[in-house]
Protein chains: 2
Amino acid sequence: MGSTFHKLRDDIENGILTGDFAPGARLDETQLAERFGVSRTPIREALMQLSAIGLIEFRPRRGALVADHGPKYVFEMFEVMAELEGMAGASAARRHTPEDKTQLLNAHLRCQEAAANEDTDAYYYENEAFHHVIYAASQNSFLSEQCAFLHRRLRPYRRLQLRVHNRMKASFDEHKQIIEKILAGDAPAARESLLAHVKIQGDRFSDLIASLEKIKAKATQGP
Amino acid sequence: MGSTFHKLRDDIENGILTGDFAPGARLDETQLAERFGVSRTPIREALMQLSAIGLIEFRPRRGALVADHGPKYVFEMFEVMAELEGMAGASAARRHTPEDKTQLLNAHLRCQEAAANEDTDAYYYENEAFHHVIYAASQNSFLSEQCAFLHRRLRPYRRLQLRVHNRMKASFDEHKQIIEKILAGDAPAARESLLAHVKIQGDRFSDLIASLEKIKAKATQGP
DNA sequence: TTATAAATTATTGTATACAACATGTTTGAC
DNA sequence: GTCAAACATGTTGTATACAATAATTTATAA
């Protein structure tokens, strides 16, 4: 097999994204090397890549820490994500091909199935696929890459939300609006739909944090 | 001294951005190691970081190549940059602080001086500073980082353009509009001004490429 | 002379070695 | 008992060594 450092990078990245390596945690190179059965060299190269995309931070002579940008930063990421998704939606409305149309409809159908079965895990997966189809339909490969990257980066924060309330049904209804606007070629409407669709996740994340802070405050204040 | 790999990364990145390492060129690790007077290890770590942000690509067992995404990809990057700058402008219009205001006015003044002296190099530098002030005024640090990154990534393509026609004067006039909208708190207008300001650069880049292609076509066809 | 195959060279990818520095601990003085 | 200093330990950052594979050259045959 060819170079293994892609796999290593993805494994560590996945560990971070799934919370296996918590924000602020130190990433000991020797430990990682043992854990993955390789020497420190490829581990370091993987860590360097992760530091370049902001997932970890190198403190000089003190090793790598999992980036711990507080909730404000995460909310900012949602804001940017919303804007980029809106742009992708507008671009897709203007430039989608017939193949894109069938892809969109298929992805939407699979979301519908998952929603009907109330299978949040399946919906989670199909929702991701749905959004990726929109990215591709924008016909802007750089935008598509940026969206995919941010989408991935925000995955752990989105994951928290699908189960609460009945976000899944609401999400699906929003998808329906989005797909209509895109296929109708209504770029401004598609942009607004997607903007709102993503922004609501940032808002919910903020709400979640706010309530957690409140609980924490009570706990430290109380008996 | 602390870790040197930041400097190495920046040096190689700079070499790519300034065209010292041309798109498509192979980056020989041993040569780079000799050139910078270090071993291959830190060179590799620097290359890994650059590959993570898409500036170079690793071909398995064939080393690193400077990324060569044709002109379409560059144009797409300008499109995304325009959108993000528009967002930053809108956000700055809504949320800029009094300090941001003085920073903006100062940066604008320095641009004015450079433009008055017809010093394209100085204007080039001050223009960059001006845009960074806008990013900061958006009060969204993630957006600010993304904008700064893309701005840097597109630098070599922008550099080509300031000298032609009298883009410098036009650019300065646009800056004046932008700053007015931001300080007036008119977010939609600020967004549109910045969007157009950046988009025009992408358009000019496309024009440049188109004319180059035409010349090339004539050259291969002709005697 | 050209095309193909074998051998040689060169370069990547990984492991190991080692030096510089930070952290943690023990010892000693006040 | 507390604080400070010296020592011991551990970890990072860099260099070197080596094996695997791609590129190149040379040799051979048609």
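The figures that follow rest on heavy atoms only: side chains count, while hydrogens, waters and symmetry mates do not. Proteins get letters first, then strands, A, B, ... in listed order; numbering begins at 1 in each.
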List every contact pair, protein side and nucleotides 9-12 of chain C side both N or O, where the distance is under 3.5 Å.
residue : atom : partner : partner atom : Å
dT11(C) : O3'  : R26(B)  : NH2          : 3.4
dT12(C) : OP1  : R26(B)  : NH2          : 3.0
dT12(C) : O2   : R61(B)  : NH1          : 2.8

By ring pair (Phe, Tyr, Trp, His ring centres under 6.0 Å), F149(A) pairs with (sequence neighbours left out) none
Residues passing the ring pair (Phe, Tyr, Trp, His ring centres under 6.0 Å) test with F75(B), sequence neighbours excluded, are none
Overall bend of the helix from dT1(C)-dA30(D) to dC30(C)-dG1(D) (five pairs an end, 10° steps) is 10°
Please give, in whole Å, the distance from [N] [atom2] to [X] [atom1]?
X	N	atom1	atom2	result
L8(B)	dG13(D)	CG	C1'	12 Å
E45(A)	dA15(C)	CD	C1'	12 Å
E34(B)	dT14(D)	CD	P	18 Å
I43(A)	dG13(C)	CD1	P	16 Å
Q49(A)	dG13(C)	CD	C1'	13 Å
F36(A)	dA15(C)	CZ	P	13 Å

Pairing of [X] and [Y] as salt bridge, 4.0 angstrom limit:
X	Y	answer
R191(A)	E85(A)	no
R110(B)	D119(B)	no
E128(B)	R152(B)	no

Less than 3.5 Å apart, which donor and acceptor atoms pair up between the side chains of residues 88-95 of chain B and the rest of the protein, not counting sequence neighbours?
residue : atom : partner : partner atom : Å
S91(B)  : OG   : R95(B)  : NE           : 3.3
S91(B)  : OG   : R95(B)  : NH2          : 3.2
S91(B)  : OG   : S138(B) : O            : 2.8
R95(B)  : NE   : S138(B) : O            : 3.4
R95(B)  : NH2  : E79(A)  : OE1          : 3.3

Margin query: Whether S39(A) contacts dA15(C) is assessed here as follows: a side-chain N or O lying under 4.0 Å from the phosphate OP1 or OP2. Is that the case?
Written below: yes
Is the centre of the H132(B) ring less than 6.0 Å from the centre of the Y135(B) ring? yes
With a cut-off of 3.5 Å and sequence neighbours excluded, list every side-chain donor-acceptor pair involving residues 67-74 of chain A.
residue : atom : partner : partner atom : Å
K72(A)  : NZ   : E76(A)  : OE2          : 2.5
K72(A)  : NZ   : Q139(B) : O            : 3.4
Y73(A)  : OH   : E145(B) : OE1          : 2.5

